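For reference, the structure is listed below as structure tokens.
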Amino acid sequence: MKKTILALTTMALLSSAAMAQSVPGDKLDYYNPQRAAHQLGANVVDYSGDKQPQLAGYLATLHRLTPEPIVIEIAQNAVNNNRAIAPKYAELMEQQAQIKGVPVHELYAAIAQADWNINKPFIAADDDLALLQSAAESMNGCTTLAFADSGIVGQNNDMNIDNLMAAETTVIKTDDRIFIATDGGHFQGMGKHVGAVLNFMGEPSAPSATADTPNVVTPDAVFAAITSSKSVEEAYSKLKGYTTPVAINFTVADDSGDHGAIEMTTQGTKLIRGESGIGRANHTREMRTAFLADKTLLEANQVFADTFAREDSANNFINFAKERDVAGMQYILEQKPINITKYDSDFVTVESMVFDTKAGCAYVSGDNPKFGQYTQVCFE
């Protein structure tokens, strides 16, 4: 017995030593990865109490990408559409534009540029396996999940590991919204009734928007429209006539227990529900069918960053989860292959979030949750 205890103690000490020695970017064991966290929890900035001008001033200081001319052209078409689906958010963006002294469509374009960048290699790859492999290795994307009935939605934000080191995760809290601010805009978040996360869907899932696409909206305005809604159905009714610049899925849940995946492409916007909930990754159903026509699942997952494995695993966990609460969602987000740690590529989980719409609380990890911890932020 003493020998067993000694062996276990030695293993624990060795494990702790390995974790202390490893840092983000190191190659880790696939099934038992360990390293020190880059960020413990998340930073919280509170703008409760009717502080939209102050919030606009803060968001105006955040880093933004430089948009390409084609994305700027597309964003010009989005300005009025964004006002239609999310008027209060559009006002916030217009305040930022005044502060920065630029047209508001340039701010929308800067936010849309990130997904446009991800999408370009997939467009170039078309059906070329080698180019698809290269595109997948440089991909940013996510795995998203929602429980039916519980009002809980969650996400692993999966990106190139450089994104983990670029900036710390900050959560913005207002009177009616808790959200992650990316490139100065509204990204993953929750309102008083509906929570939303997203995953990019790689080409060839659907064509991209062009400068002549009249019904385009930017993803930040989609988040604002969803989180200002009172239900999943209301959110979908706002969005079903619009498209995003590239194919994006928004996984949603509301405080009445409804859930779904709002899939937005230039081929149309649709709402998909599951029986026990839904899990999504970086593809549409149509793309999956086409991609697996001449490849095994193993071959496809090796090429395409485990996208099908992540979706299948997410749905299996959802269907068998007996504890359908925040802890249950956090458990799923830490499991292979949904949780991506540095193993054979730089495509990894860089942060995670869970939104509990019934309790009015968000839980955000500023690093891969296997190594860090969640910060809880709740409405008053």
Side-chain angles (χ1 to χ4, degrees), residues 39 41-65 67 75 78-115 153 155 157 166-198 217-230 235 238 250 252 351 353-357 360-366 374-380:
Q39 180 183 2
N43 302 323
V44 180
V45 180
D46 193 338
Y47 283 98
S48 303
D50 193 24
K51 295 179 180 177
Q52 179 147 309
Q54 294 93 324
L55 174 58
Y58 169 75
L59 294 175
T61 67
L62 298 184
H63 168 77
R64 284 174 166 83
L65 299 178
V79 174
N80 288 332
N81 296 333
N82 286 352
R83 286 186 189 130
I85 66 170
K88 186 174 179 181
Y89 175 73
E91 181 183 313
L92 178 66
M93 289 293 285
E94 285 156 10
Q95 289 173 337
Q96 287 192 65
Q98 290 179 356
I99 293 168
K100 295 180 73 65
V102 299
V104 71
H105 71 266
E106 290 188 10
L107 300 187
Y108 287 128
I111 292 169
Q113 183 66 42
D115 291 310
V153 63
Q155 169 182 340
N157 194 10
E168 293 202 330
T169 299
T170 298
V171 181
I172 308 294
K173 178 185 174 185
T174 69
D175 291 330
D176 54 10
R177 204 164 297 170
I178 298 170
F179 66 97
I180 310 295
T182 303
D183 293 324
H186 185 319
F187 264 70
Q188 303 94 329
M190 64 183 291
K192 288 297 184 73
H193 301 284
V194 187
V197 293
L198 92 165
V217 289
T218 53
D220 54 321
V222 173
F223 271 119
I226 294 171
T227 57
S228 63
S229 299
K230 293 183 179 179
K238 292 178 182 178
F250 299 86
V252 295
E351 64 187 359
M353 59 217 69
V354 178
F355 300 108
D356 182 349
T357 59
C361 291
Y363 302 81
V364 181
S365 170
Y374 287 92
T375 293
Q376 178 180 331
V377 187
C378 300
F379 292 119
E380 298 301 330

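None of the values given here were measured: they were computed from a predicted structure. All heavy atoms count here, side chains included; hydrogens, waters and symmetry mates do not. Along the sequence shown, residues are numbered consecutively beginning with 1.
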How close do [X] and [Y] get, counting heavy atoms only, and between which atoms?
X: Ile178; Y: Ala362; answer: CG2-CB, 3.8 Å
X: Ser229; Y: Ala235; answer: OG-CA, 3.4 Å
X: Ala42; Y: Thr375; answer: N-OG1, 2.8 Å
X: Arg177; Y: Ala224; answer: NH1-CB, 3.7 Å
X: Leu198; Y: Gln155; answer: N-OE1, 3.1 Å
X: Phe179; Y: Thr174; answer: CE2-CG2, 4.4 Å

Quick one, [X] and [Y] - any side-chain contact, counting heavy atoms below 4.5 Å?
X: Leu65; Y: His63; value: yes
X: Tyr108; Y: Val79; value: yes
X: Lys192; Y: Phe379; value: yes
X: Lys230; Y: Val194; value: no
X: Val171; Y: Ile180; value: yes
X: Phe355; Y: Cys361; value: no
X: Thr170; Y: Ile172; value: yes
X: Tyr374; Y: Val364; value: no

From [X] [atom1] over to [Y] [atom2], what is the distance, rounded to the nearest 0.5 angstrom?
X: Asp220; Y: Ile111; atom1: CG; atom2: CD1; answer: 3.5 Å
X: Cys378; Y: Met190; atom1: SG; atom2: CE; answer: 8.0 Å
X: Asn157; Y: Phe187; atom1: CG; atom2: CZ; answer: 9.5 Å
X: Leu55; Y: Asp50; atom1: CG; atom2: CG; answer: 11.0 Å
X: Lys51; Y: Asp46; atom1: NZ; atom2: CG; answer: 6.5 Å
X: Lys238; Y: Ile226; atom1: NZ; atom2: CD1; answer: 9.0 Å

Distance-only donor-acceptor check, side chains [X] and [Y], under 3.5 Å:
X: His193; Y: Thr357; result: no
X: Lys88; Y: Ser228; result: no
X: Asn82; Y: Tyr89; result: no
X: Glu351; Y: Thr169; result: yes

Can you check side-chain hydrogen bond (donor to acceptor under 3.5 Å, both in side chains) on Lys173 and Ser48, steps first, answer last? CA-CA 6 Å; Lys173 178 185 174 185; Ser48 303; 4.5 Å; no
Is the closest basic N to carboxylate O distance between Glu106 and Arg64 below 4.0 Å?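 No, Glu106 and Arg64 are not salt-bridged.
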Could you walk me through whether Val153 and Val197 pass the side-chain contact (heavy atoms from CB on, under 4.5 Å) check? CA-CA 7 Å; Val153 63; Val197 293; 3.6 Å; yes
What orientation do His186 and Phe223 show, parallel under 30°, tilted 30 to 60°, or perpendicular over 60°? parallel
Just do the side-chain contact (heavy atoms from CB on, under 4.5 Å) check on Glu94 and Leu107 with the steps written out, would you? CA-CA 9 Å; Glu94 285 156 10; Leu107 300 187; over 6 Å; no
Glu91 vs Arg83, test: salt bridge (Lys or Arg N to Asp or Glu O under 4.0 Å). Steps then yes/no. CA-CA 8 Å; Glu91 181 183 313; Arg83 286 186 189 130; over 6 Å; no
